[in-house]
There are 2 protein chains.
Amino acid sequence: MASGQGSAAVMERRLAAAEGQCIRAGVQLTELRRQVLALVLQAEQPLGAYALLDRLKEQRPGAAPPTVYRALDFLLEQGLIHKVERLNAFVGCVGAGHDHHAGHQHAHQFLICGQCGQTTEISDPAVTRALAEAAARSGFQAGHAVVEVEGRCAACAA
Amino acid sequence: MASGQGSAAVMERRLAAAEGQCIRAGVQLTELRRQVLALVLQAEQPLGAYALLDRLKEQRPGAAPPTVYRALDFLLEQGLIHKVERLNAFVGCVGAGHDHHAGHQHAHQFLICGQCGQTTEISDPAVTRALAEAAARSGFQAGHAVVEVEGRCAACAA
DNA sequence: CCTGTTCGGGTTATATAGTAACAGAACCCT
DNA sequence: AGGGTTCTGTTACTATATAACCCGAACAGG
Ligand SMILES: [Zn+2]
Ligand SMILES: [Zn+2]
Ligand SMILES: [Zn+2]
Ligand SMILES: [Zn+2]
């Protein structure tokens, strides 16, 4: 079986969903952007921009930092990937392609295992609500929230 | 009035509290560490490591990146400052010196104004609890959590 | 006193992360 | 053809963070 978050078939399905989402949004999932998205999706763990760049160079020898950062910016805007601030790394959005938040960023949280590096995306309404209430209590107009919990995943805890 | 989060007298009080906390913890708040802490405390906004380094050089001309990073690591361990991951910058802990969490890190959240850059530290029990529950629900042993909300502060919203 | 050890810090070099600025290609519209 | 927009290539640079090594002060045990 292929490496990464799923088989090659699953990857193709996710890429196709991304394609459709971009068409509906009136933006272009170009070859470059598709390649970078594929690299992010097939990784088991969050990948840094330069790790992605190294892999991208195999397909696109002339690639340089701006190449990958521009693609990442696009994918972030479309909500197809997220950035893990704590790791300076990027992961595919697990919800992308599910119509309930098609096309743009959504509230989410990360659970980062310090042992194996596995990063799990969740989207817990209670957390989102508690955060919104806490912000409002300070008279703060809340926008996007970075929420990243470090600890041990279920597998590593055992 | 002096710049920063408070007057010179307030600064001295906070530094003295830090001193006492370090003594109780059996660690040394050396001159260098005290200088870096003072620089962080007197800033109105989170400061990056290199901004701190520039200011530190005025007192300590030979200072280099490791100089400031080592001091910051120490202050982080002692819970005297926090890092704002989203900004790669550091702020003094507003709770340091208050006995209820003397000596080490505590759960906290940041409200970051995208307009004026002001960053407010809060420690909302409901957020902390919601996060702990969400993590537990995924079988995740939660440790420290990075929680940083971007938006507009009350002043800038008006 | 000597000696091993720990800790803090100086110094140099390097690694990693991110952006600015400009040029060219491709495409669409008139 | 001309002129706009979008996307990518390319070069150079800035910003953030760490590795590795050395040295001196402080201290403990012999
Ligand atoms: Zn997501
Ligand atoms: Zn794990
Ligand atoms: Zn604090
Ligand atoms: Zn503001």
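Here is the naming used below: chain letters follow the sequence lines, and residue numbers restart at 1 for every chain. Reckoned from all heavy atoms, side chains included, excluding hydrogens, waters and symmetry mates.
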[atom1] of [X] versus [atom2] of [N]: gap in Å, rounded?
| X | N | atom1 | atom2 | value |
| --- | --- | --- | --- | --- |
| B/D54 | D/dT16 | CG | P | 10 Å |
| B/Y50 | D/dC13 | OH | C1' | 15 Å |
| B/Q78 | C/dG8 | CD | C1' | 14 Å |
| B/L87 | D/dA15 | CG | P | 16 Å |
| B/R60 | C/dT11 | CZ | P | 11 Å |
| A/R86 | D/dA17 | CZ | P | 11 Å |
| B/Q59 | C/dG9 | CD | P | 14 Å |
| A/L53 | C/dT19 | CG | P | 15 Å |

Please tell me if [X] has a side-chain N or O lying less than 4.0 Å from either OP1 or OP2 of [N].
| X | N | result |
| --- | --- | --- |
| B/K83 | D/dA17 | yes |
| A/N88 | D/dT16 | no |
| A/K57 | D/dG9 | no |

Does [X] reach the main-chain N or O of [Y] with its side chain, forming a donor-acceptor pair under 3.5 Å?
| X | Y | answer |
| --- | --- | --- |
| A/E148 | A/E85 | yes |
| A/Q105 | A/I81 | no |
| B/R152 | B/G114 | no |
| B/Q78 | B/A25 | no |
| B/S123 | B/A107 | yes |

Worksheet item: Is it true that A/E31 and A/R60 make a salt bridge, defined as a side-chain N closer than 4.0 Å to a carboxylate O?
Response: no
Discussion item. Between A/R34 and A/E12 (salt bridge meaning N to carboxylate O under 4.0 Å), is one present in this structure?
Written reply: yes
Worksheet entry | B/E31 vs A/A51, nearer the 5' end of DNA chain C by closest nucleotide | B/E31
I'd like a list of close polar pairs between nucleotides 3-7 of chain D and the protein, N/O only, cut-off under 3.5 Å.
{"unit_1": "D/dC7", "atom_1": "OP1", "unit_2": "A/R33", "atom_2": "NH1", "d": "3.3"}

Worksheet entry | Ring-ring centroid check B/H106 B/H82, cutoff 6.0 Å | yes
Response to the item:
Rounding to 0.5 Å, atoms CG (A/L53) and CG (A/L47) come to a distance of 12.0 Å
Discussion item. Which residues in residues 63-73 of chain A have a heavy atom closer than 4.0 Å to any atom of DNA chain D?
Written reply: A/A64, A/P66, A/T67, A/R70
